[in-house]
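Every chain is numbered from 1, with letters handed out A, B, ... down the list of sequences.
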Number of protein chains: 2
Amino acid sequence: MNESKGGSVTYEYNVIDRESGQPIYIQLANIIRKQINAGKYHPGEQLPSEAMLVQSYHVSPMTIRRTINLLAEQNIVSTAQGRGTFVKAVRIGTAAFYLNRFQEIFSDEKATTVKLIEARLVKTDERTARKLKITVGVRAIYIRRLLLVYNQPAFYHCEHLIYDPRRPIVESELEVTILKGLFSGIGSPLIKKGELQMEAILFTKEEAAILKTPLPAAGLFLEHIFFDFDDKPVSWGWFICLSNQLRLHTSIGLDLSKDSIYDNF
Amino acid sequence: MNESKGGSVTYEYNVIDRESGQPIYIQLANIIRKQINAGKYHPGEQLPSEAMLVQSYHVSPMTIRRTINLLAEQNIVSTAQGRGTFVKAVRIGTAAFYLNRFQEIFSDEKATTVKLIEARLVKTDERTARKLKITVGVRAIYIRRLLLVYNQPAFYHCEHLIYDPRRPIVESELEVTILKGLFSGIGSPLIKKGELQMEAILFTKEEAAILKTPLPAAGLFLEHIFFDFDDKPVSWGWFICLSNQLRLHTSIGLDLSKDSIYDNF
DNA sequence: AAGTGGTCTAGACCACTAT
DNA sequence: TAGTGGTCTAGACCACTTT
């Protein structure tokens, strides 16, 4: 019943299997992706029009649209109303480095332990006050932690938290804190958004000592600010680590390994 | 004609304007995003079912689906078949750092100039041969360039290119090369995919001298391999720069500034 | 005018989850 | 069994581009 017209039983892999359970629009996207990969359409070239694809694959226009949308989201094709759909060329600017490796480390509860180095109330200095949008001298919680992966120092974390006297600090919270969910995958319901910035830095003496690395050493500095639902900053801080702890890699262009759309993390 | 039933002229901003030209599914996504932002739904809470939304906003199920899909793509909600749609909590692992700033620099032809430091045929060493998947000792093109932004050294680029004797090297190509399109936005039709890796490094004496920076200095190392449509590596190399040349920042969670879907780069 | 992508409808049918 | 999200149809209508 899935044979193409003509009655031949020749196996065609560029054909939709309606029994497979995989959505048609994904099957179609994979078919087109394979065709591009095989060189049937080169960057800059035009794909068949949606009307043509509707005829070729015997699906509804809406389904073709979903297919094209999917490919467009994945930066494989671009669409131009009135002109057509075209294969995109690889551009380095579309590269994205994700922190999922970072999260993996933090959610591995067996391997990762948190060592509290310091936690105290401090009077905020100018910079901290500016970041947390409070007045200089107002008290804030200052926490320093060392995160060990398989008992090896991996991340040094400094953090300034808004101090709310109505919510007394529970000792045990300091090692894990509000932010735990941000890494473990649960997420904090109190945080609305965050801003992150990454830089390469030279380690200070103290940082090198804490991370047990000889000087001079270079590493990554990952700054974060988190905001609550009133758009007020609640946490400002940074992670410092050796580059090999946070290897950032990505790929651009066609990658047939991401056959499925279910690669959300 | 756009008044809600009851004849009242009270202005409601959480209402769909069918004359606005903006697609309904985007308007609806913005409305829901604003409601989440305003605290109407908190992370972990369930959104109204799609059937409810169909009734509330008088649109078809398909349109609601597109809205929910859009919010899911933007990591704002998550869907679970049979259970419902839920507001997502902020998770640091969803952060993505983009190289669009990198591309901006390279496509600004007025500000950016390329200075060729060295270009010659070399016999490949073990590492280069491995990366380019060729035999050790086979000739390759080795190019070193300095990219200046407003006449200041910004990026130091080393690159190994497959040498194809059938295509003689044109002198003038060396300063711009095949890869130009990768940055300028045109893209190369010969490249199918690329792999990128980023690290923090200590500058060598040579690198510091070229980038006119005192030692010791830390910077970013961006390695790239590009593949052609035969999945053969054609270029392996790396960019080295000071961290401030490639500031990497991003935000996670709700961000009302990305109202439109048209923020592709 | 003909062809292109883009949105939207008003359902049908299915798979999954809870009760 | 009732409610949920997920896919798909077979069109209609629109905006835009090219000829």
So which nucleotide from [options] ends up closest to the side chain of [X]?
X       : options              : value
A:Val59 : D:dT9, C:dC8, D:dC8  : D:dT9
B:Ser49 : D:dT9, D:dG11, D:dT4 : D:dT4
B:Arg83 : C:dT7, C:dA18, D:dT7 : C:dA18
B:Pro23 : D:dC16, D:dT7, C:dC8 : C:dC8

Over 60° means perpendicular and under 30° means parallel, so classify the ring planes of A:His157 and A:His224, tilted if in between. tilted
Would B:Glu45 and B:Lys40 pass as an ion pair if we require N to O under 4.0 Å? no
What is the separation between atom [atom1] on [X] and atom [atom2] on [N], rounded to the nearest whole Å?
X       : N      : atom1 : atom2 : result
B:Asp17 : C:dC8  : CG    : P     : 12 Å
B:Ile24 : D:dA12 : CD1   : P     : 19 Å
A:Ile64 : D:dA10 : CD1   : C1'   : 14 Å
A:Gln81 : D:dC13 : CD    : C1'   : 12 Å
B:Glu50 : C:dC16 : CD    : C1'   : 14 Å
B:Leu71 : D:dG5  : CG    : C1'   : 14 Å
B:Tyr57 : C:dA10 : OH    : C1'   : 20 Å
B:Met52 : D:dG3  : CE    : C1'   : 12 Å

Restricting to non-hydrogen atoms, name the atom on B:Pro233 and the atom on B:Ile162 that form the minimum distance, rounded to 0.1 Å. O-CG1, 3.2 Å
Exercise: identify the closest heavy-atom pair between A:Cys241 and A:Leu246: SG-CB, 3.9 Å
Any side-chain N or O of [X] under 4.0 Å from OP1/OP2 of [N]?
X       : N     : value
B:Arg66 : C:dT7 : yes
A:Tyr25 : D:dT7 : yes
A:Arg18 : D:dT9 : yes
A:Thr63 : D:dT9 : yes
A:Thr85 : C:dG5 : yes

Measure from NZ or CZ of A:Lys192 to the centre of the six-membered ring of A:Phe227, then state whether that distance is under 6.0 Å and the direction lies within 45° of the axis. no
Please figure out whether B:Met62 or B:Leu47 has its closest DNA chain D nucleotide nearer the 5' end. B:Leu47
